[in-house]
Amino acid sequence: MNNLVCKDIVKKYGKKEVLNNVNLTLEKGKIYGLIGRNGAGKTTLLSIISAQNPATSGTVTLDDQQVWENQKTLDKICFSRELNPVMGNGAAGLKIKEYLKIAAMYFPNWDNEMAINLVKEFELNVKDRIVKLSKGMMSMVTIIVAMASKAEYTFLDEPVSGLDVVMREYFYKLLLAEYTESGRTFVISTHIIEEAADVFEEVIIISDGKILLKENTQELISKAFRVSGKAEDVDAVTLGLRLHQVEITGRGKGVTVILEEGQKIRGGFDVSIQPLNLQNVFLAFCGKGEKG
Amino acid sequence: MSKKSRINRTLKYGVIYAEKVFSIIFIISAIYALIYYLQGGFGDIISDSLMIPFYMGEMCLIMLFIIQITNKSRYIPLSISFGSLRKETFIGIQWINLILIVQSIILVGVCLIPNQSISGEMKSIGILIFTLMLVALGGIGQLIAAVSIKFGKLGGFLIGGLLFALITSAIVVLAFAGDINTDITIDSFPSNIKILAILVAVIIYIFGSYINYRVLKNYEVRA
């Protein structure tokens with residue numbers, strides 16, 4: 001089984017610990033959603049998995065082989081970073097066609113035909129300099145690199161940020177089509193959780209440098225509920241359960257529960273039990289006041 | 001889809017990058033020389049025939065130095081973020097330098113041919129000094145790039161100060177070398193001084209490259 005395994009990853013910048021003992025296994029042939037608040041450590045984690053940044057300690061292996069400074073494993077990985085007009089990965093001053101040409105030199109399985117088609121689909125002018133592109137257009141360039149790289153493990157950092165709803169929809173379709181055809185593994189970090197929820201086979205929630213959860217998206221959603229009613233009734237039906245997003249309004253109370261194996265919400269009380277979407281599940285773990 | 005040899009891709013990008021820089025050197029030098037001749041030159045055919053190689057050499061030195069600094073913000077992060085090894089990226093930098101140094105020497109050498117046919121002697125000592133300056137600047141540039149990667153803004157200030165000092169001294173040295181070129185042949189320079197100068201330049205280059213490699217070993221691509 002071709003798995004990408006992160007073991008005990010710690011990343012420190014000075015005294016600040018950005019990743020705290022991260023253990024994570026990415027199985028081949030899945031689309032993962034990596035979600036977390038700003039500064040949670042998403043980009044740092046992807047940078048370390050793709051060996052763009054070194055970990056302070058811990059190891060990343062692919063097929064039991066070290067990823068760090070190992071060309072054989074790095075050839076199977078593409079982390080298409082979010083482009084930045086100021087610093088970025090050195091791409092800012094380049095024209096789109098130059099950037100794609102350089103990418104084509106490096107990625108061993110580069111699909112030039114796909115890159116050309118996507119440039120047309122996104123209606124990009126390849127003579128434009130990256131520094132002059134809008135945020136959405138920069139996202140399009142990172143998507144082209146990620147898709148055309150044909151890397152077995154492909155990571156995208158905020159690929160839909162700045163894209164309008166039409167292009168976001170196009171990206172999700174493109175992603176699913178490529179996934180179906182190639183069986184590649186994708187890890188997508190995003191803040192636009194709800195509309196991407198259907199695309200993610202598994203979701204990874206990261207908070208304060210720790211992996212809080214890695215689970216099948218539908219299974220996770222199926223056990224997440226919002227319970228509301230009179231405070232005493234809510235307390236009674238949720239007794240023994242871990243509560244998130246507790247809100248008290250007068251005599252009423254609302255809580256979010258994520259059921260663990262063997263747990264259930266008790267019956268016999270007049271409470272409202274509503275299923276949650278992925279965004280609300282995320283809020284339950286990472287909303288203000290929540291500490292995982 | 002074809003498999004590509006690993007070192008080949010870093011080299012390919014390195015060559016394209018170096019050639020791009022070299023074409024900039026060529027164009028700027030040609031513009032300099034053209035302006036000089038449009039202004040009437042020195043009026044002395046021997047001195048006039050030295051101006052093109054002088055401008056070419058000056059630009060080659062400046063660009064070779066600058067490219068070491070720009071590698072930090074362009075070549076290195078792009079190579080590594082596209083899956084290149086740090087070691088491979090370092091080798092790519094050495095290829096870029098080698099290509100630029102060899103092409104610079106050939107360019108200046110070719111530009112000296114008209115002067116040779118007029119004066120009857122090749123300015124070998126000028127080419128030697130030029131080569132050693134290229135090699136030493138390649139090393140100093142790599143050292144400054146490494147400091148800048150490691151210490152960020154502090155490195156930037158250091159680069160600013162060193163650049164100022166280097167440019168000032170380079171102008172003085174170049175002016176001095178220009179005088180030497182017209183009068184002194186390579187035979188008039190003691191060979192032990194030549195060997196010492198070569199050694200110093202090579203040691204500076206190796207030292208700069210070594211520090212650059214040490215820093216690159218743990219390079220981080222920043223967002």
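Lettering of chains follows the sequences in order, A, B, ..., and the numbering in each one begins at 1. No hydrogens, no waters, no symmetry mates; every other heavy atom, side chains included, goes into these values.
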Check this for me, if you would: do A:E69 and B:R86 make a salt bridge, where the nitrogen-to-carboxylate-oxygen distance has to be below 4.0 angstrom? yes
Work out which heavy atom in B:K217 is nearest to a heavy atom in A:W68; give both atom names and the distance. O-CZ2, 3.4 Å
Under 3.5 Å, which donor-acceptor pairs link side chains of residues 125-140 of chain A to any protein atom two or more places apart or in another chain?
from   : atom 1 : to     : atom 2 : distance (Å)
A:N125 : OD1    : A:K127 : N      : 3.1
A:R129 : NH1    : A:G93  : O      : 2.6
A:S134 : OG     : A:M137 : N      : 3.2
A:K135 : NZ     : A:E82  : OE2    : 3.1
A:S139 : OG     : A:K135 : O      : 3.2
A:S139 : OG     : A:S161 : O      : 2.5

In terms of heavy-atom proximity below 4.5 Å to chain B, should A:N70 be classed as side chain, backbone, both, or neither? backbone
What pair of heavy atoms forms the shortest contact from B:S81 to A:R81, and how long is it? CB-CD, 4.2 Å
side-chain hydrogen bond (donor to acceptor under 3.5 Å, both in side chains) between A:Y106 and B:S84: does it pass, once the steps are laid out? CA-CA 7 Å; A:Y106 280 91; B:S84 173; 5.1 Å; no
If you define the side chain from C-beta out and look only at heavy atoms, does anything of A:S47 sit under 4.5 Å from B:E220? no
Answer yes or no: is there a side-chain heavy-atom contact under 4.5 Å between B:K20 and A:E98? yes
Donor-acceptor contact below 3.5 Å, side chain A:N53 vs main chain B:V221: yes
Heavy atoms from other residues, nucleotides or ligands near OH of A:Y179 exceed 12 (cutoff 6.0 Å): yes
Validation: residues 14-23 of chain A side-chain donor-acceptor distances under 3.5 Å, sequence neighbours left out:
from  : atom 1 : to   : atom 2 : distance (Å)
A:N23 : OD1    : A:D8 : N      : 2.8
A:N23 : ND2    : A:D8 : OD1    : 3.2

Out of B:L85, B:T70, B:I16, B:I80, return the one with the most heavy atom pairs under 4.5 angstrom to chain A. B:L85
Distance, nearest 0.5 Å, that separates CZ of B:R74 from CD1 of A:I102: 7.0 Å
Ring centres of B:F82 and A:F79 under 6.0 Å apart? no
A:E113 CD: over 12 foreign heavy atoms closer than 6.0 Å: no
